[in-house]
2 protein chains.
Amino acid sequence: MADAKARATAAPPTIRDVAELAGVATSTVSRALSNPGRVNRVTRERVEQAAASLNYVPSSQARGLSSGRTNAIALLVPDVTNPFYFDIIRGTQNQLKAAGYTQLLVDTEESAEMEADTLRKMQRTADGFILAASRLTDAQILEAASTQAIVTINRSSANAPTVMIDTPGAVVQALEHLTSLGHSKICYVGGPASSWSNAKRWKTFEDESRERGLITSHVGPFTPKTTSGAAAADAAARTGATACIVFNDLLAIGMLQRLRERGIRVPEDMSIVGCDDIFGADFCNPPLTTIASPIEQAGRVAVSMLLAQLDPLHAGSTRRLAVMPTHLTVRGSTGPAPS
Amino acid sequence: MADAKARATAAPPTIRDVAELAGVATSTVSRALSNPGRVNRVTRERVEQAAASLNYVPSSQARGLSSGRTNAIALLVPDVTNPFYFDIIRGTQNQLKAAGYTQLLVDTEESAEMEADTLRKMQRTADGFILAASRLTDAQILEAASTQAIVTINRSSANAPTVMIDTPGAVVQALEHLTSLGHSKICYVGGPASSWSNAKRWKTFEDESRERGLITSHVGPFTPKTTSGAAAADAAARTGATACIVFNDLLAIGMLQRLRERGIRVPEDMSIVGCDDIFGADFCNPPLTTIASPIEQAGRVAVSMLLAQLDPLHAGSTRRLAVMPTHLTVRGSTGPAPS
DNA sequence: CAACTTTTGGCAAACGCTTGCCGCTTTGGT
DNA sequence: ACCAAAGCGGCAAGCGTTTGCCAAAAGTTG
């Protein structure tokens, strides 16, 4: 019975209740709880006991109002649906929880505008922001970073601390892997045009391929979803390439399906290399050779960098850039070039 | 340059600034912005203009303090990593955003204790809670529901409004599917012991199997992760069953891998039916026959029910239970029983 | 035109907490 | 034993909103 109807009866205890029970002033309670060392041990213990017996939980609202800090940070991702971001979400969530912060998760729907808007709307709500694969321009990032603490993931910018995933490094590995298998006509299957990391991957691909004297092609842009895989596969097949390096695993998995439908065998007729090593890359058919990276760790590092920015203690030691290592995980989707 | 170092200069405008600029009292600004109709139109427009020109964003903290509402709801999931919850997260996120609410995502790590703890700690932080696959006891839910707005997903309880996914209905479909394929020895592969929906599925399985005169077995409990699939597959194989209905797709996919390793062909030697139709179920090898449900929609419905609870306007019409339909999606992991 | 009712805007009191400042006790040094 | 310093707790002023109450202005009615 005691549900919605009966609710809203007893108001939760406030700091005042605790103070009264402990026989001290509210200021003492506040300090005892959030600044131990500022009060005598016996006092603190008395306060703690009172708080515990009342089941007291400080109001983060009130705390935020008066202290100016919210103890929350916002994580902006382009698409909560994309498994790539799930590892980031998990990583940040873990680290934030450990630091006593709350995570505010926002899906910006791949839109720069929405991202900027969120940044503005939440300026008071969050102490800082982690921008995953931001679609913002350098200027926008600069502006945002000028008023709030920001860390970007996979979107390098001189204007804010960044966690990079060293995909370029792994693109080289992938290329080496493919050439050693005898491939010489390789296609890069591109992701969203607005994606910074897509541009980066493509460029590395171009440069490195040229150096190796490979015949390259490029198709795209494609939305990074499995559903775009069909179009991507068709386009890639048309280029005559015997191997593809694909913007991300989602797209690659979609391609795998389409290629099977079309009777193009992977890896016999065409080799596919994905990127990110997301959930599913290991059990799709065939299992995907992919550029793996410690995504979850990237999330954790981002949090650390952000927290360092917030905490004056660490102000000096703030790193501006962290690069996460990557490596090629070879599975079944790559094989010798067709002779 | 204008980053961390130079930050913290200009404080964001407050309601006072807006009031001053518009030449009215702060109370009028407050009303103009959040209760239009309470002020004259020309006044409102003046205020709106002032607010816009200052780029004013109300402090949710202060608003929460004085109004008692936070405009945030918390979503508690046992494991953010589990793709099943991806869809719930997405569904709630969408619906909440549409209603102007912020989502607080919390991973309770499959722990009832952590769940209860979060509920307590966030009582002031969130206006309501959505408990996905709650591990709480009925009594705990009752207690929580008595002080805060709560909706559960896949955890029926008389003590709080619930969104159910009608898996039992689909278990029947799965059983029918399997028997029509000639299977008579079927094994239920169980999920976490503390999972309510696991218990429900198992019971339906038992009842329906008995009615059909099938030879059943049961293995488990298993952690619902792909990594537990190996153990589950081995256990299931030992029972001599020719088909398995598996607690969820994660586990089922893990089993698929293990069975392949062991040379047990799916579906020739053994048929597998999963549950949830998560991301990946369609492209694993073989594609998984599974009990599909509109999970994202379940998330949306949960939000609606919660918001109805919060908004006194809808107080009367609050539904206590919503049941989401399910259906069997047949793919490659089920086939005729071995003869 | 008087007597009302509505509409509209302002005043000021919360909301629950933090924190600068002050002053009383202890403590320690000489 | 005296004084400075350190330790500790209280006072009270905010933090940025919302909202109950009131009064002035405007509109309505007979």
**Asked** Could you give the CG-to-C1' distance, from A/Asn40 to C/dT26, as a whole number of Å?
**Response** 11 Å

**Prompt:** Does atom NZ of B/Lys97 have more than 12 heavy-atom neighbours from other groups under 6.0 Å away?
**Reply:** yes

**Request:** Step through the shown structure and confirm whether more than 12 heavy atoms of other residues, nucleotides or ligands are within 6.0 Å of CD on B/Gln123.
**Result:** yes

**Item:** Exam field: side chain B/Arg46 to backbone B/Ala22, donor-acceptor pair closer than 3.5 Å
**Value:** yes

**Prompt:** Are the side chain of A/Asn159 and the backbone N or O of A/Asp138 linked by a donor-acceptor pair below 3.5 Å?
**Reply:** yes

**Prompt:** CD1 of B/Ile15 versus C1' of C/dA12: gap in Å, rounded?
**Reply:**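 Going from B/Ile15 (CD1) to C/dA12 (C1'), I get 14 Å.
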
**Item:** Nearest-Å distance for atom pair CZ/P, residues B/Arg124 and C/dG16
**Value:**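 Computing the B/Arg124:CZ to C/dG16:P distance gives 6 Å.
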
**Request:** Could you check which residues of residues 23-37 of chain A get a heavy atom under 4.0 Å from DNA chain C? Sort them by number, please.
**Result:**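 Close to the strand are A/Ser27, A/Ser30, A/Arg31.
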
**Message:** Quick check on contacts: within residues 53-71 of chain B, what sits under 4.0 Å from DNA chain C by heavy-atom distance?
**Reply:**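 DNA chain C contact set from residues 53-71 of chain B: B/Leu65, B/Ser66.
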
**Prompt:** Hey, does the side-chain of A/Arg38 have a donor or acceptor N/O within less than 3.5 Å of a partner on the base of D/dG7?
**Reply:** no

**Prompt:** Is a side-chain donor or acceptor of A/Asn154 paired with a backbone partner of A/Ile165 at a separation under 3.5 angstrom?
**Reply:** yes

**Prompt:** Within the distance-only criterion (no hydrogens, no angle test), does the side chain of B/Thr70 pair as donor or acceptor with the backbone N or O of B/Thr125 below 3.5 angstrom?
**Reply:**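 A pair under 3.5 Å: yes.
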
**Prompt:** So, A/Glu115 and A/Ser134: side-chain donor and acceptor under 3.5 Å apart, yes or no?
**Reply:**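 Yes, a side-chain donor-acceptor pair sits under 3.5 Å.
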
**Prompt:** Would you find a donor on one side and an acceptor on the other, under 3.5 Å apart, between the side chain of A/Gln95 and the backbone of A/Val301?
**Reply:** no

**Fill in**
Between B/Arg44 and B/Val39 the two heavy atoms that sit nearest each other are CB-CG2, 3.7 Å

**Complete:** Closest non-hydrogen atoms of A/Asn71 and A/Asp127, given as atom of the first, atom of the second and distance, are N-OD2, 2.8 Å

**Request:** Mind grabbing the angle between the end helix axes of the helix from C/dC1-D/dG30 to C/dT30-D/dA1? Five pairs an end, 10° rounding.
**Result:** 20°

**Asked** Looking only at atom types and distance, does a side-chain atom of B/Thr162 sit under 3.5 Å from a main-chain N or O of B/Ala160, one as donor and one as acceptor?
**Response** yes

**Prompt:** Please give, in whole Å, the distance from D/dG9 P to A/Arg41 CZ?
**Reply:**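 The distance from CZ of A/Arg41 to P of D/dG9 comes to 13 Å, rounded to the nearest Å.
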
